[in-house]
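This report concerns only the one structure given below.
When a ligand or atom number is given, it counts from 1 through the structure's own listing order. Just so it is clear, the values below take in all heavy atoms, side chains as well, and ignore hydrogens, waters and symmetry mates.
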Amino acid sequence: MTIVRYAPSPTGRLHLGNARPALLNWFFAKRHGGRYVLRMDDTDLARSTRESADGIEADLAWFGVKPDLLVRQSERTALYDAARDALIASGRLYPCYETEDELSRRRARARAMGRPPLYDRAALKLTAEDRARLEAEGRKPHWRFKLDGRPVHFDDLIKGGQTVNTASMSDPVLVREDGSYLYTLPSVVDDIDLGITHVIRGEDHVSNTGTQIEIFEALGGSVPLFAHHNLLTDAEGQGFSKRLGSLSLSDLREQGYEAIAVAIMATLTGTSLPIQPYASLDEIASMLDFLSISLGPARFDPAELDGLNARILHTMSYETAAPRLAALGIEGEALWLLLRENLTKFADIVEWSKLVTGPVTPVIADEDREFVSTARQLLPAEPWSDATWGEWTNALKAATGRKGKALFLPLRMALTGRHDGPELKNLLVLVGRRACLDRLL
Ligand code: GLU
């Protein structure tokens, strides 16, 4: 059974870049009939909020992502405590008493001597008496994981073979002085406990993976498969920042973008698949595999989102649109089919539908007054059909000698008050004779 997890830290709203791992995990679960766990990485109590966690759930629901399971790390401390104790017992987790100040002085000294600023493991040399003395001074330990210091190899499902040499890394702090956990240990403990088979996340976690594989092994857990995807950047190649709220999903939703358009941009940018309207997440899921994800950067272009959003609306079926139209007090399949290709956002339909239902302020230039008045007189009798427009404009052409733009533009300006918009042939029938007569005055 495939089990994946999306593991955001609930410290703000999700942005477009976060949607990428959220959805890539979802697609993978769909393709393999697997389970999708939403894991709130909320061990940082100072920065995590319930409001943010609820917002993340709402953002995922907007896409139609329904996790099979939701877990909050803040409620799972007992598991982490047990893992911590096991690592202490096996000698892999050791107490350190250095202050931040001492550590930064040591790093500076190492740099000055041309050595990499790695933690020197001084704490490993402390005797029981040393520790007792430090604790008597009121110092509290933080805990570091003793790395094996060997090359850790894994076959990344996107990036191919990866080697992280933990010899070039400082032993990571897993437990803070106040006993709280940093991200690394709870993540591994949960991945083991929840039976995660595939860890799909941004490539900024590749070096973490080296450490985490060592922790999986130290805890006797089975190591999942990893897939690290390229990160979404803005046009200048800058990463998105959750804290800045740049392009948050909730902003995009409020700006009226279609969830599917945002999902397509978030996941297919920086892949070999074309950015084009897809009907559903399931359809994307069935096409997007790891090998389609490029190794280069994934640059997001806002203009492409606008274009895609419009294309999705231009082909949206009435069946899909109808409930949303009803919520706006608009109905009618013919109206939708006539107007949809003018939309850039769904809500634009409110303004466009006024071309059918009115009120319209006709625009009639002085030099066209006589022409428009002739047009009014020649307006065919009802019933109207698809053929009415042709009958009317042919008669008008014969009567006035006008053709092309000189014939059509004044009619458009009078009937709609604007020089662009939907096809007049179909609009005419929807507006009906009575209202047309009014607009041709
Ligand atoms: N909370 C981590 C993050 O947001 C999760 C990383 C992971 O998927 O392991 O970066």
Side-chain angles (χ1 to χ4, degrees), residues 2-29 34-49 52-53 55-57 59-60 65 67 69-76 79-80 83 145 152 154 156-159 162 164 172-174 176 180-216 219 221 223-233 239-245 248-249 266-267 290 293:
T2 298
I3 308 178
V4 297
R5 85 300 196 277
Y6 173 55
S9 311
T11 55
R13 291 305 290 259
L14 296 187
H15 57 65
L16 196 69
N18 303 130
R20 194 169 178 85
L23 291 166
L24 291 180
N25 274 288
W26 179 251
F27 295 163
F28 193 75
R35 283 166 64 76
Y36 182 97
V37 178
L38 174 59
R39 186 184 87 197
M40 295 295 177
D41 282 3
D42 57 355
T43 55
D44 184 343
L45 296 177
R47 288 182 40 230
S48 305
T49 66
S52 158
I56 288 170
E57 278 191 79
D59 290 338
L60 294 179
V65 168
L69 177 68
L70 167 67
V71 298
R72 300 177 205 279
Q73 291 193 323
S74 56
E75 294 168 359
R76 298 166 60 82
L79 281 172
Y80 314 142
F145 179 73
V152 178
F154 63 97
D156 193 277
L157 297 172
I158 296 172
K159 296 170 77 71
Q162 301 289 308
V164 178
V173 176
L174 300 190
R176 296 189 188 88
S180 67
Y181 294 95
L182 283 105
Y183 148 77
T184 311
L185 179 64
S187 179
V188 174
V189 170
D190 284 337
D191 287 344
I192 296 171
D193 182 64
L194 300 168
I196 301 300
T197 57
H198 296 76
V199 170
I200 304 164
R201 58 187 176 187
E203 63 190 3
D204 49 335
H205 285 286
V206 167
S207 66
N208 276 341
T209 302
T211 309
Q212 292 186 347
I213 287 176
E214 283 200 14
I215 300 177
F216 275 105
L219 291 172
V223 181
L225 295 170
F226 292 91
H228 290 96
H229 62 77
N230 51 3
L231 301 177
L232 211 58
T233 69
F240 289 98
S241 156
K242 184 160 60 177
R243 264 161 277 169
L244 284 179
S248 77
L249 297 179
T267 55
F290 288 142
I293 298 176

Any idea which heavy atoms bring Thr43 and Pro186 closest together, and the distance?
CG2-CG, 4.0 Å
For ligand 1, which part of Tyr6 has a heavy atom less than 4.0 Å away: the side chain, the backbone, both, or neither?
neither
Contact atoms of ligand 1, heavy-atom distance to His205 under 4.0 Å:
3 (C), 6 (C), 10 (O)
Does the side chain of Asn230 pick up a donor-acceptor pair with the side chain of Arg20 at under 3.5 Å?
yes
Test item: side-chain donor near acceptor, Arg47 and Ser52, under 3.5 Å:
no
Only heavy atoms of Asp41, strictly under 4.0 Å: list the atoms of ligand 1 that pass.
1 (N), 2 (C), 5 (C)
Can a non-hydrogen atom of Arg5 be found less than 4.0 Å from any atom of ligand 1?
yes
Arg201: numbered ligand 1 atoms lying under 4.0 Å from its heavy atoms:
7 (C), 8 (O), 9 (O)
Assign the ring pair Phe226 / Phe216 to parallel, tilted or perpendicular, where the plane angle (0 to 90°) is split at 30° and 60°.
perpendicular
Consider every N or O of Pro8 and every N or O of ligand 1, then say whether any pair is closer than 3.5 Å.
no
Considering the heavy atoms of Tyr183, write down every atom of ligand 1 situated less than 4.0 Å from one of them.
2 (C), 5 (C), 6 (C), 7 (C), 9 (O)
For Ser9, the ligand 1 atoms with a heavy-atom partner under 4.0 Å come out as 1 (N), 4 (O)
Side-chain donor-acceptor pair present, Arg201, His228, cut-off under 3.5 Å:
yes
Does the ring center of His205 lie less than 6.0 Å from the ring center of Tyr183?
yes
